[in-house]
Peer 1: 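The structure is given below, and queries will be raised subsequently.
All heavy atoms count here, side chains included; hydrogens, waters and symmetry mates do not. Note that the coordinates shown come from a computational prediction; the quantities given were computed from them, not determined experimentally.
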Amino acid sequence: MHRFYLPPASTRGDSLRLDGREAHHALHVLRLKRGELVTVLDGVGNEFLCAVETNSRNAVTLSVSLKNFTPPLPCSITLLQAVPRGKIIESIIQKAVELGARRIVPLLTEHVVTRLDDRDAADKCTKWQQVAIAAIKQCGAAWLPEIEPPTTFGEFLKRSEKFDLSLVGSLQKERRHPRECFREFQAKHGRLPQRVGVWIGPEGDFTPEELEAIQASGALPISLGRLVLRVETAAIYCLSILNYELNSVLESKL
């Protein structure tokens, strides 16, 4: 069944309307006909089963027959990703959506080649949000992650955000397997973390000074295995481990 996205403000009532990008895809790519069933996601947990009611040149009207709500996962994962070269960040965003990240913060660190002014940053953020929308439509995720505008490493640290558990992919010798960090947290608090942040560096990694500042903010250095991973592989590796650790405990309670 084909999936579409509409923002929450556009999903009120028993009749929904696709226009713009979504209508173009429905009319000119999928060529949907009256009566065909589709799914609409609003990115905040709601999924609507709809039937195509009418088609016009630039819009599609849908009638809602069923509405389902999926609550968010009990743990909110923030990916703090240094911006890599080219379009690699788009692939990272896609995989982050599939692996359950709730927020992605693109970071401009010392070794990041890309430099953006305010207008470029806003344009990039809009484009990356569209990448995330396409990803939830592809995988059926009920929650659309927030993609923040790119920010400098220093500016983010000034926010003094607090995570229950903060991890940073590291190549230094003093590092642990992520599972050890989870077990230690559970032993200390008797529960899973509710807010997790994971830091991933750019090509060339974080500088020693940046890594020191990240750890000073409370992040624990974790091992990504014996090999030196590419940026996108490191992000997927970390998010996969978080997804596994969180879901395995939740499933054991079912």
Peer 1: Distance check, rounded to the nearest 0.5 Å: I93 atom CD1 versus L79 atom CG?
Peer 2: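 Output value for this atom pair is 9.0 Å.
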Peer 1: So V83 and L108, do their side chains get closer than 4.5 Å, heavy atoms only?
Peer 2: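 They are in side-chain contact.
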Peer 1: Could you tell me if the side chain of N58 sits less than 4.5 Å from the side chain of L27, heavy atoms only?
Peer 2: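 In short, these two side chains do not touch, never coming nearer than 4.5 Å.
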Peer 1: Would you kindly confirm whether V198 and I236 end up in one hydrophobic cluster when ILVMFWY residues are joined by side chain heavy atoms under 4.5 Å apart?
Peer 2: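 In one cluster: yes.
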Peer 1: In the structure I gave you, are the side-chain heavy atoms of P202 and T109 within less than 4.5 Å of one another anywhere?
Peer 2: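 Sidechains of T109 and P202: in contact.
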Peer 1: Work out which heavy atom in R176 is nearest to a heavy atom in E180; give both atom names and the distance.
Peer 2: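 Between these two residues, the closest heavy atoms are CD-OE1, 3.3 Å.
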Peer 1: Give, for atom CD1 of I89 and atom CD of Q81, the distance between the pair rounded to the nearest 0.5 Å.
Peer 2: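 Reported value, rounded in 0.5 Å steps: 5.0 Å.
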Peer 1: Between the main-chain N or O of I214 and the side-chain N or O of S217, is there a donor-acceptor pair closer than 3.5 Å?
Peer 2: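 Yes.
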Peer 1: Is there a side-chain contact between V112 and L107 (heavy atoms, below 4.5 Å)?
Peer 2: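 Answer no - side chains too far apart.
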Peer 1: Evaluate the criterion side-chain contact (heavy atoms from CB on, under 4.5 Å) for residue pair R34 and N55; output intermediate values, then yes/no.
Peer 2: CA-CA 7 Å; R34 179 181 172 86; N55 289 343; 5.9 Å; no
Peer 1: CG of D14: more than 12 outside heavy atoms within 6.0 angstrom?
Peer 2: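 Result for CG/D14: open.
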Peer 1: Do R195 and R103 come within less than 4.5 Å of each other through their side chains, counting heavy atoms only?
Peer 2: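 R195 reaches R103 side chain to side chain.
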Peer 1: side-chain contact (heavy atoms from CB on, under 4.5 Å) for D164 and R191? Distances and angles first, verdict last.
Peer 2: CA-CA 11 Å; D164 288 349; R191 62 173 177 84; 3.4 Å; yes
Peer 1: Taking all non-hydrogen atoms of both residues, which atom of L62 and which atom of C50 are closest, and how far apart?
Peer 2: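 Looking at all heavy atoms of both residues, the shortest contact is CB-CB, 3.8 Å.
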Peer 1: Does the pair I92 and I104 meet the rule for a side-chain contact (heavy atoms from CB on, under 4.5 Å), with working shown?
Peer 2: CA-CA 10 Å; I92 292 174; I104 301 169; 5.9 Å; no
Peer 1: Please say which of T151, V105, I200 ends up in a side chain to side chain contact (heavy atoms under 4.5 Å, CB included) with L80.
Peer 2: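 When T151, V105, I200 are each tested with L80, the side chain to side chain contact (heavy atoms under 4.5 Å, CB included) holds only for V105.
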Peer 1: Does Y5 offer a backbone N or O that forms a donor-acceptor pair with the side chain of E22 under 3.5 Å?
Peer 2: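 Between the backbone of Y5 and the side chain of E22 there is a qualifying donor-acceptor contact (under 3.5 Å).
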Peer 1: Do F48 and L6 sit in the same hydrophobic cluster, where Ile, Leu, Val, Met, Phe, Trp and Tyr count as joined when their side-chain heavy atoms come under 4.5 Å apart?
Peer 2: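 Yes, one cluster joins them.
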Peer 1: Determine, using the 4.5 Å side-chain heavy-atom cutoff (strictly less than), whether F4 and V60 are members of one ILVMFWY cluster.
Peer 2: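 As far as the 4.5 Å side-chain criterion goes, V60 and F4 are connected within one cluster.
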Peer 1: Do any N or O atoms from the side chain of T126 and from the backbone of A122 form a donor-acceptor pair under 3.5 angstrom?
Peer 2: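 Indeed, once roles are kept as given, a pair shorter than 3.5 Å links the two residues.
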Peer 1: What about W143 and V97, same hydrophobic cluster or not, with Ile/Leu/Val/Met/Phe/Trp/Tyr joined at side-chain heavy-atom distances under 4.5 Å?
Peer 2: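 Looking at the clustering, V97 is in a separate group from W143.
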Peer 1: Identify the two heavy atoms, one from V44 and one from F69, that lie closest to each other, and give their separation to 0.1 Å.
Peer 2: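 For V44 versus F69, the nearest heavy atoms are O-CE1, 3.5 Å.
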Peer 1: List the atom of D205, the atom of H111, and the distance in Å for their closest heavy-atom pair.
Peer 2: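 So the minimum-distance heavy-atom pair works out to O-ND1, 2.8 Å.
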Peer 1: Do P178 and L242 have side chains that approach each other closer than 4.5 Å (heavy atoms only, starting at C-beta)?
Peer 2: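 No; the side chains remain at least 4.5 Å from each other.
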Peer 1: Cluster question for you: counting only ILVMFWY and a side-chain heavy-atom cut-off of under 4.5 Å, with indirect links fine, are V52 and L18 together?
Peer 2: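 Yes.
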Peer 1: State plainly whether the residues E245 and R183 are in salt-bridge range, i.e. N to O under 4.0 Å.
Peer 2: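 Yes, charged N to carboxylate O under 4.0 Å.
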Peer 1: Do other residues, nucleotides or ligands put more than 12 heavy atoms under 6.0 Å from the CD atom of Q215?
Peer 2: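 Yes - once you tally the heavy atoms of other residues, nucleotides and ligands closer than 6.0 Å, there are more than 12.
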Peer 1: First locate atom NE2 of H25, then atom CG of L30, and finally report the distance between them rounded to the nearest 0.5 Å.
Peer 2: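 Going from NE2 on H25 over to CG on L30, the span is 4.0 Å.
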Peer 1: Is it the case that the side chain of R102 and the backbone of E146 share a donor-acceptor pair, with hydrogens and angles ignored and the cut-off at 3.5 Å?
Peer 2: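 Absent.
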Peer 1: Would you compute the distance between atom CG of L167 and atom SG of C238 and round it to the nearest 0.5 angstrom?
Peer 2: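 Rounded to the nearest 0.5 Å, the CG-SG separation comes to 7.5 Å.
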Peer 1: Would a distance-only check, ignoring hydrogens and angles, find a side-chain to backbone donor-acceptor pair under 3.5 Å from H177 to R179?
Peer 2: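 Side chain of H177 to backbone of R179, a donor-acceptor pair under 3.5 Å: yes, one is there.
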Peer 1: Any side-chain heavy atom of Q129 sitting closer than 4.5 Å to one from L144?
Peer 2: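 Q129 vs L144: side chains touch.
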Peer 1: If you count every heavy atom of other residues, nucleotides or ligands that lies below 6.0 Å from R159 atom CZ, does the total exceed 12?
Peer 2: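 More than 12 within 6.0 Å, yes.
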Peer 1: Measuring from Q130:CD to R21:CZ, what's the distance to the nearest 0.5 Å?
Peer 2: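 Reported to 0.5 Å precision, the distance equals 4.0 Å.
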Peer 1: May I ask you to test the E203-P84 pair for a side-chain heavy-atom distance under 4.5 Å?
Peer 2: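 In contact.
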Peer 1: Could you measure the distance from the NZ atom of K95 to the SG atom of C139? Nearest 0.5 Å is fine.
Peer 2: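 It comes to 10.0 Å.
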Peer 1: Give the minimum heavy-atom separation between F185 and L192, together with the two atoms involved.
Peer 2: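 Scanning both residues, the minimum pair turns out to be CE2-C, 3.6 Å.
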Peer 1: Closest heavy-atom contact between Q94 and V131?
Peer 2: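 Heavy atoms of Q94 and V131 come nearest at CG-CG1, 3.7 Å.
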Peer 1: Just say parallel, tilted or perpendicular for the rings of F153 and F206, cut-offs at 30° and 60°.
Peer 2: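 Because their plane-to-plane angle lies in the 30° to 60° range, the rings of F153 and F206 count as tilted.
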Peer 1: Report the C-alpha separation of F156 and W199 in whole Å, then their side-chain angles, then the decisive distance to 0.1 Å, and conclude whether the ring pair (Phe, Tyr, Trp, His ring centres under 6.0 Å) test is met.
Peer 2: CA-CA 12 Å; F156 182 82; W199 298 76; 5.6 Å; yes
Peer 1: So with a 6.0 Å cut-off around CZ of R85, is the heavy-atom count from everything else above 12?
Peer 2: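 Open.
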